[in-house]
Amino acid sequence: MPEIRREDVSLPAGDAQMRAFFAHPGATRAPAIVLIPDVHGLSPLYREIAERFAGEGVAALAVDLYTREGAPRLASVDEAMRWIAALDDRRVLRDVQAAADWLDGREDVGRVGVTGFCMGGQYALLGACSLPGLSACVSFYGMVRYAERNAWKPQSPLDVAEVLRCPYLGIFGEDDGLIPREDVAELERRLAAAGKTFEIRSYPGCGHAFLNHNRADAYRPEAAADAFHRAVRFFQRHLAPADGAGGS
């Protein structure tokens with residue numbers, strides 16, 4: 001088991017010093033990922049998940065996208081979806097790029113990937129399609145279709161799937177009320193038609209947030225364990241120094 005180093009850090013992100021939690025396995029030069037939390041922000045759950053990745057040899061930087069305004073208090077799924085719809089994708093992706101650049105500038109970090117959960121999974125895939133310097137992406141039940149497009153939501157993940165820039169693993173629950181199976185099938189169709197390097201894994205009997213052990217209604221321990229280890233193996237494979245599969 002690696003000797004995990006944990007620290008709260010601050011990094012430059014446009015007009016702010018973005019807060020983040022960094023977990024490193026202690027290896028001289030470890031593969032690393034930007035970890036984007038769900039709509040509720042950088043909660044203890046995502047610090048724990050960052051540490052779990054570090055325990056598997058993958059350094060993880062869990063970012064606080066709400067450094068500027070503070071995390072929202074969302075009492076329902078409808079409130080959460082309205083909050084997500086109002087977020088400016090351009091600002092979020094700039095913050096993700098700043099986090100990736102911070103990792104890339106460290107001597108104890110090798111190749112850099114990205115992962116995210118729910119809203120974070122949505123932005124992980126958007127980042128993998130639009131940001132330079134990312135060598136692999138895993139999204140956990142990230143939404144892929146927008147109800148409408150506007151100045152702050154110009155393109156959904158489905159809209160840009162054909163320009164995916166790195167290997168991608170999409171993890172979904174077959175019974176996810178927020179992500180219809182048809183959307184996942186359409187994502188798979190577009191990625192395949194564009195000849196991209198990707199995997200899609202959909203878990204039967206699982207809904208949204210099935211890795212969240214704090215939610216008894218959603219948590220599915222067997223699927224959660226399989227999905228996490230699948231993600232670790234994916235990052236280990238595509239972020240390995242000798243692996244040339246940095247793009248697709």
Side-chain angles (χ1 to χ4, degrees), residues 16 18-21 34-50 52 62-96 114-127 138-159 170-187 200-224 227-228 231:
M18 183 168 60
R19 294 186 295 267
F21 173 73
V34 178
L35 192 160
I36 313 171
D38 65 26
V39 65
H40 300 287
L42 182 51
S43 66
L45 172 66
Y46 294 104
R47 291 172 175 264
E48 176 187 327
I49 290 173
R52 287 183 64 194
V63 296
D64 181 1
L65 295 178
Y66 303 138
T67 294
R68 299 167 183 83
E69 65 271 83
R73 295 180 179 273
L74 303 168
S76 68
V77 172
D78 287 343
E79 285 187 16
M81 297 306 291
R82 286 195 296 270
W83 176 270
I84 293 171
L87 276 177
D88 188 335
D89 285 359
R90 298 162 300 180
R91 190 194 91 174
V92 174
L93 290 173
R94 285 195 296 267
D95 285 351
V96 174
V114 63
T115 191
F117 297 77
C118 181
M119 182 191 83
Q122 168 187 298
Y123 284 119
L125 180 51
L126 280 173
V138 178
S139 68
F140 292 87
Y141 33 83
M143 289 77 74
V144 298
R145 185 187 297 275
Y146 288 168
E148 61 180 71
R149 295 164 191 79
N150 49 47
W152 54 93
K153 286 277 186 291
Q155 293 180 303
S156 73
L158 272 180
D159 294 329
I171 291 172
F172 301 94
E174 286 190 359
D175 301 329
D176 193 327
L178 299 179
I179 308 171
R181 296 184 191 184
E182 294 79 11
D183 286 1
V184 178
E186 179 64 12
L187 174 63
I200 299 288
R201 180 70 172 93
S202 294
Y203 289 85
C206 294
H208 202 68
F210 68 87
L211 274 83
N212 189 344
H213 59 74
N214 296 319
R215 288 186 50 184
D217 61 322
Y219 184 49
R220 300 293 182 269
E222 290 185 8
F228 181 77

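Owing to the predicted nature of the structure, the values given are computational and were not obtained by experimental measurement. All heavy atoms count here, side chains included; hydrogens, waters and symmetry mates do not.
Atom CD of Gln122 sits about 9.0 Å away from atom CD1 of Ile179, to the nearest 0.5 Å. From Ile84, atom CD1 reaches atom NZ of Lys153 across 8.0 Å, with rounding to the nearest 0.5 Å. The CD atom of Glu48 sits 10.5 Å away from atom CZ of Phe21, with the distance rounded to the nearest 0.5 Å. Considering SG of Cys206 and CD of Glu222, their distance stands at 9.5 Å, rounded to 0.5 Å. Here the CG-CG distance, from Leu187 to Leu125, works out to 6.0 Å after rounding to the nearest 0.5 Å.
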Notebook entry, point to check: Between Ile49 and Leu211, does a side chain to side chain contact (heavy atoms under 4.5 Å, CB included) hold up when you go through it step by step?
Noted result: CA-CA 10 Å; Ile49 290 173; Leu211 274 83; 5.7 Å; no
Note to self: Walk me through whether Asp89 and Tyr123 qualify under side-chain hydrogen bond (donor to acceptor under 3.5 Å, both in side chains).
What the structure shows: CA-CA 8 Å; Asp89 285 359; Tyr123 284 119; 2.6 Å; yes
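Residues passing the ring pair (Phe, Tyr, Trp, His ring centres under 6.0 Å) test with Tyr146, sequence neighbours excluded: none. Taking the side-chain contact (heavy atoms from CB on, under 4.5 Å) definition, one finds that Asp217 meets it with Arg215, sequence neighbours left out. Scanning for side-chain contact (heavy atoms from CB on, under 4.5 Å) contacts around Arg149 gives Ser156, Asp159, with sequence neighbours left out.
Checked against Ile171 for a side-chain contact (heavy atoms from CB on, under 4.5 Å), the options Phe228, Phe210, Phe117 give a single hit: Phe210.
Nearest heavy-atom pair, Leu87 versus Trp152, reported as atom, atom and distance to 0.1 Å: O-CD1, 3.5 Å. Of all non-hydrogen atoms in Ala62 and Ala50, the two that sit nearest each other are CB-CB, 4.4 Å. The shortest non-hydrogen separation linking Pro154 to Ala151 is CD-O, 3.9 Å.
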Using a 3.5 Å cut-off and no angle test, enumerate the donor-acceptor pairs between side-chain atoms of residues 36-44 and protein atoms at least two apart in sequence or in another chain.
unit_1 : atom_1 : unit_2 : atom_2 : d
Asp38  : OD1    : His40  : N      : 2.9
Asp38  : OD2    : Tyr46  : OH     : 2.9
Ser43  : OG     : Leu45  : N      : 3.4

For residues 67-75, tabulate all N or O donor-acceptor pairs below 3.5 Å that involve a side-chain atom, not counting sequence neighbours.
unit_1 : atom_1 : unit_2 : atom_2 : d
Thr67  : OG1    : Arg19  : N      : 3.0
Thr67  : OG1    : Asp64  : O      : 2.8
Arg68  : NE     : Asp15  : OD1    : 2.9
Arg68  : NH1    : Asp95  : OD2    : 2.9
Arg68  : NH2    : Ala13  : O      : 3.1
Arg68  : NH2    : Asp15  : OD1    : 3.3
Arg68  : NH2    : Asp95  : OD1    : 3.1
Glu69  : OE1    : Arg91  : NH2    : 3.4
Glu69  : OE2    : Arg91  : NH1    : 3.2
Glu69  : OE2    : Arg91  : NH2    : 3.2

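For the pair Arg220 and Tyr203, the cation-pi test (distance below 6.0 Å, angle within 45°) is failed.
Counting only residues at least two apart or on different chains, the side chain to side chain donor-acceptor pair (under 3.5 Å) pairs with a member in residues 174-185 are Arg145-Asp183, Asp175-Arg181, Asp176-His208.
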